[in-house]
Amino acid sequence: MNPAETPQFNIHAGNEFTWNVKPILHEIRHALQRFLDNGETSIIDLRSIPLAPGEEESIIETLGRGEVQARLDVLGASEIYETKYTGVWLVTHYNDSDSIVSRFIEVTEMPDVLKSQREDVVHALNALVTELGTDKT
Amino acid sequence: MTKDKNLKNGAPEQVNLEKGTPVKGTLGEALRSQGVSRRSFMKFCATTASMMALPPAMIPTIARALENARRPSVIWLSFQECTGCTESLTRAHTSTVESLIFDSISLDYHHTLQAAAGHGAEEAREVAMEENYGNYLLVVDGSIPLDNPGYSTIAGISNLDMLNEAAKGAAAIIAVGTCATYGGIPHANPNPTGAVSVKDIIKDKPIINVPGCPPIPVVITGVLAHFLTFGSLPELDHIGRPKAFYGQSIHDRCYRRPFYDKGQFAETFDDEGAKKGWCLFKLGCKGPTTYNACATTKWNNGTSFPIESGHPCIGCSEPDFWDGGGFYKALSMPTVDLSQTAAYAAAGAAAAGVAIGLMNRSKKNTSNKIHVKTTLEDLKK
Amino acid sequence: MSEIEILSWARGPGLQIATVIFVAGVVIRIFEILLLGRKANLAEAKGSEMSSGLKTMITRTVPDKTTFKRSSVTIVAGYVFHIGMFISFFFFAPHILFFKDLIGISWPSLPGAVIDACAVISIIALLAVLVNRLTNKVMRFLTNFEDLLTWFLTFLPLITGYFAFHRIGFTAPSLLAAHLLSVELLLVVFPFTKLMHTFTLFLARWYNGAISGYRGVES
């Protein structure tokens with residue numbers, strides 16, 4: 001059987017969207033408006049919404065990629081990038097076998113998890129002090 | 001700990017897990033000592049929130065609570081079951097983030113997973129029960145046979161005795177899987193072992209039902225996470241299931257729902273409709289009467305769920321799903337052979353109808369015969 | 001008994017009991033009527049009984065002007081209700097599956113939105129007939145318990161169906177069970193009440209037409 005004859009099985013919903021793609025994009029629009037108006041940040045959990053196969057991808061495709069991207073090495077990888085709509089970030093957490101464990105759209109200046117965390121800074125300072133203390137020079 | 005257990009209205013209740021837990025220190029301390037960074041912890045909290053189906057706005061609250069949570073002792077009892085629930089759960093374990101949840105409990109007895117065997121294993125259970133009396137979490141999978149205690153025993157102890165004994169000192173019970181929650185497959189007609197669920201036996205402890213055959217792994221861990229985070233039972237529905245996961249039906253959250261509304265159905269497993277991914281109602285989908293998180297949480301780390309793979313929902317998180325008249329029989333179809341019933345009824349009634357009709361006739365004829373016309377002569381008498 | 005158990009009962013034994021009573025009741029009553037027999041008419045036939053009878057079965061569907069004027073609400077709302085119910089009863093996909101299981105044949109279904117609209121229209125029409133019955137003095141005087149009972153039992157499957165369709169208030173299994181049980185209740189009382197008109201209507205119309213036909217007059 002040549003590839004053209006391979007039957008298409010029901011793992012796609014044709015080209016029809018379910019009713020959730022547009023509303024999510026509009027929700028992001030409203031969130032962005034609120035962020036501009038009074039600095040209110042928002043997080044949308046993409047895994048809490050029923051989406052047909054390919055729809056999550058289509059949302060992500062619509063949002064595109066912007067200027068900033070970061071890769072975190074925390075309990076498996078995490079990928080964070082700003083979409084082409086400034087202020088809208090996509091945060092994807094992977095586990096150590098590279099499956100997605102959670103995925104969020106954040107509307108903010110910068111997702112909190114990117115910032116250096118106070119607890120870690122304390123830990124870092126201690127480590128540095130220890131390091132310098134043992135340094136004989 | 002709070003004694004007033006008011007499970008029926010599904011209200012969340014306080015269960016104090018703090019006293020007497022074996023491992024000292026908070027979860028935050030434990031994680032830091034393992035070198036888990038704050039960023040990792042934030043990722044863990046975000047994922048936990050998603051897992052518990054809580055809004056992302058709750059993440060800071062969860063972080064604070066988890067930071068200060070203490071590791072509870074967990075005793076896991078397996079009765080008449082197939083180990084599918086444990087299999088499901090250990091698949092969840094492959095994920096680093098979820099495994100943190102397991103690091104944050106002290107699983108003191110689980111006869112499939114623990115290293116100890118025989119007397120050593122049973123001793124571990126007894127010690128854990130004694131040391132954490134009143135505070136440990138009891139997890140149960142499998143149903144309990146009541147017909148003959150000998151049908152299922154562990155170390156010579158019948159399931160019923162072991163459950164009763166372990167339940168006494170438990171802060172709360174999590175019934176995992178449809179067998180423990182509603183009797184499941186052992187309870188299916190004709191129920192040869194007289195299998196019953198945990199809540200049929202234990203009446204004086206808070207019980208969280210986590211049904212499913214098996215339950216979605218993150219639903220199991222989500223319930224554990226809720227315990228860790230809030231130290232209380234999640235809000236439950238009328239049959240004891242956490243509303244966060246079982247609050248909506250598969251049908252209402254199904255991405256194929258628009259096809260149902262438009263009346264576009266797959267008629268067979270390989271027709272044009274099936275290939276186009278249309279609604280599986282006609283193929284027996286129990287999505288409309290089944291409450292579970294499959295449609296959003298999905299399986300295999302969010303890969304898909306049965307309907308997405310082209311198979312109707314079998315309703316495994318509902319009581320008696322096994323006896324629902326067949327997995328491939330549409331919900332609106334009768335579970336019995338109604339046409340045969342109707343045919344017999346019609347045939348019988350036709351005969352009866354003819355008999356009654358003839359009786360009516362003969363009655364009419366008889367009354368006609370004995371009817372005597374009144375003549376003028378009669379009236380003159 | 002859990003809601004799923006009730007649903008299972010309603011889909012199985014409950015349905016079986018209701019079907020036996022319904023089918024047996026209807027068949028016995030029709031046989032009784034047919035076997036009543038008629039006295040031989042000694043007058044010479046001036047026309048065909050059959051053709052006039054069949055014609056009347058259809059022509060009586062259109063109400064005559066005076067009747068329409070006198071009880072326009074009953075007729076209009078009555079028609080709207082019957083047509084709406086017919087559509088939502090016979091063209092809703094899950095219902096068609098039920099018939100397919102019962103008699104082995106199926107036909108195309110209508111989209112959920114159409115069914116929904118028809119059901120709502122039927123419900124409104126049914127309420128209109130009830131209001132009319134209770135406000136119209138003559139109708140009210142003629143109303144007996146059976147009229148109200150049959151109205152209620154007809155209303156129940158529609159309203160429970162509407163609730164089940166939209167999943168209002170209760171869980172899906174309970175709503176579905178309530179819908180099935182209401183239908184079963186309707187089936188059980190059907191042969192013993194005026195609901196029998198579903199079948200006797202045509203017998204009566206045919207007979208009316210046949211009498212006129214025999215006499216050679218317009219029915």
Side-chain angles (χ1 to χ4, degrees), chain B residues 182 189 237-239 248-252 258 260-265 267 279 281-282 284 286-291 315 318-321 323-325 329-361 364, chain C residues 2-5 7-17 19-37 91-104 106 108-116 164 167 171-177 179-180 191:
Chain B
Y182 310 122
N189 191 29
D237 72 2
H238 64 294
I239 45 176
Q248 272 165 318
S249 72
I250 299 292
H251 187 62
D252 286 339
Y260 175 87
D261 292 334
K262 279 186 258 176
Q264 292 174 312
F265 299 96
E267 306 279 343
C279 177
F281 183 86
K282 289 191 177 180
K286 303 295 181 291
T289 52
T290 305
Y291 290 75
E318 294 295 328
D320 298 323
F321 77 98
D323 294 324
K329 202 151 196 188
L331 259 177
S332 61
M333 285 183 174
T335 56
V336 287
D337 188 349
L338 209 58
S339 41
Q340 197 188 43
T341 307
Y344 284 151
V354 170
I356 294 171
L358 291 177
M359 263 161 61
N360 288 345
R361 265 202 176 177
K364 194 167 88 181
Chain C
S2 75
E3 57 197 4
I4 292 272
E5 281 173 296
L7 178 61
S8 297
W9 188 84
R11 286 177 68 203
L15 207 49
Q16 226 158 0
I17 295 167
T19 305
V20 168
I21 296 175
F22 170 74
V23 172
V26 167
V27 170
I28 289 177
R29 282 203 61 181
I30 288 178
F31 267 88
E32 266 193 297
I33 294 167
L34 292 178
L35 290 172
L36 272 179
F91 291 97
F92 184 40
H95 294 168
I96 297 173
L97 282 179
F98 179 89
F99 295 120
K100 191 187 173 191
D101 195 64
L102 194 63
I103 51 179
S106 67
S109 61
L110 286 171
V114 178
I115 302 299
D116 189 29
R167 309 153 87 75
T171 60
S174 345
L175 289 170
L176 202 56
H179 181 54
L180 276 167

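Each chain gets a letter, A, B and so on, in the order its sequence line appears, and its residues count up from 1. All values derive from a computational prediction rather than experimental measurement.
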- Item | Intermediate values then yes/no, side-chain contact (heavy atoms from CB on, under 4.5 Å), B:Tyr260 and B:His251 | CA-CA 9 Å; B:Tyr260 175 87; B:His251 187 62; 3.5 Å; yes
- Note on the structure: When every non-hydrogen atom of C:Ser8 is compared with those of C:Pro13, the smallest separation belongs to O-CD, 4.0 Å
- Message: Applying side-chain contact (heavy atoms from CB on, under 4.5 Å) to C:Glu5 and B:Asp320, what does each step give before you reach the verdict?
- Response: CA-CA 7 Å; C:Glu5 281 173 296; B:Asp320 298 323; 3.2 Å; yes
- Query: Hey, what do you get for CZ (C:Phe98) to CG (C:Leu180), rounding to the nearest 0.5 Å?
  - Reply: 8.0 Å
- Query: Highest number of heavy-atom pairs under 4.5 Å with chain B: which of C:His179, C:Glu32, C:Arg29?
  - Reply: C:Glu32
- Could you look at B:Tyr182 and say if it's the side chain, the backbone, both or neither that has a heavy atom under 4.5 Å from chain C? neither
- Task: Using non-hydrogen atoms and a 4.5 Å limit, figure out which bit of C:Leu7 sits close to chain B: side chain, backbone, both or neither.
- Result: side chain
- Task: With a 4.5 angstrom heavy-atom cut-off, could you sort out which part of B:Lys364 is near chain C: side chain, backbone, both or neither?
- Result: side chain
- Item | Part of C:Arg167 within contact of chain B (heavy atom distance under 4.5 Å) | side chain
- Looking at B:Ser332, B:Gly263, B:Pro319, which makes the most heavy-atom pairs under 4.5 Å with chain C? B:Ser332
- Go through the atoms of C:Phe92 and report whether side chain, backbone, both or neither lie under 4.5 Å from a heavy atom of chain B. side chain
- Task: Could you tell me whether C:Lys100 atom NZ has more than 12 heavy atoms of other residues or ligands within 6.0 Å of it?
- Result: no
- Closest heavy-atom pair, C:Pro108 versus C:Phe91, reported as atoms and distance to 0.1 Å, is O-CD2, 3.6 Å
- Message: For a quick test of reading the model, state the closest non-hydrogen atom pair linking C:Gln16 to B:Thr341 and the distance between them.
- Response: NE2-OG1, 3.2 Å
- Interface check, chain B: of C:Ile4, C:Leu97, C:Thr19, most non-hydrogen pairs under 4.5 Å belong to C:Leu97
- Query: Top residue by heavy-atom pair count (under 4.5 Å) with chain B, among C:Asp101, C:Ile103, C:Val27, C:Val23?
  - Reply: C:Asp101
- Choice from B:Ala350, B:Ala352, B:Gly348 maximising heavy atom contacts with chain C below 4.5 Å: B:Ala350
- Query: Which bit of C:Leu15 comes within less than 4.5 Å of chain B, counting heavy atoms only: side chain, backbone, both or neither?
  - Reply: both
- Item | Proximity breakdown for C:Thr171 and chain B, heavy-atom pairs closer than 4.5 Å | both
- Note on the structure: Taken to the nearest 0.5 Å, the spacing of B:Leu338 CG from C:Leu102 CG works out to 5.5 Å
- Query: Quick one: what part of B:Phe265 sits under 4.5 Å from any heavy atom of chain C, side chain, backbone, both or neither?
  - Reply: side chain
- Message: Looking only at heavy atoms and a cut-off of under 4.5 Å, which of C:Ala172, C:Gly112, C:Ser109 has the most pairs with chain B?
- Response: C:Ala172
- Item | Atom group of B:Asn360 that falls short of 4.5 Å from chain C, counting heavy atoms | side chain
- State whether the side chain of B:Lys286 and the backbone N or O of B:Leu331 hold a donor-acceptor pair below 3.5 Å, judged by distance alone. no
- The reported gap from CZ in C:Arg11 to OG1 in B:Thr335 (rounded to nearest 0.5 angstrom) is 5.5 Å
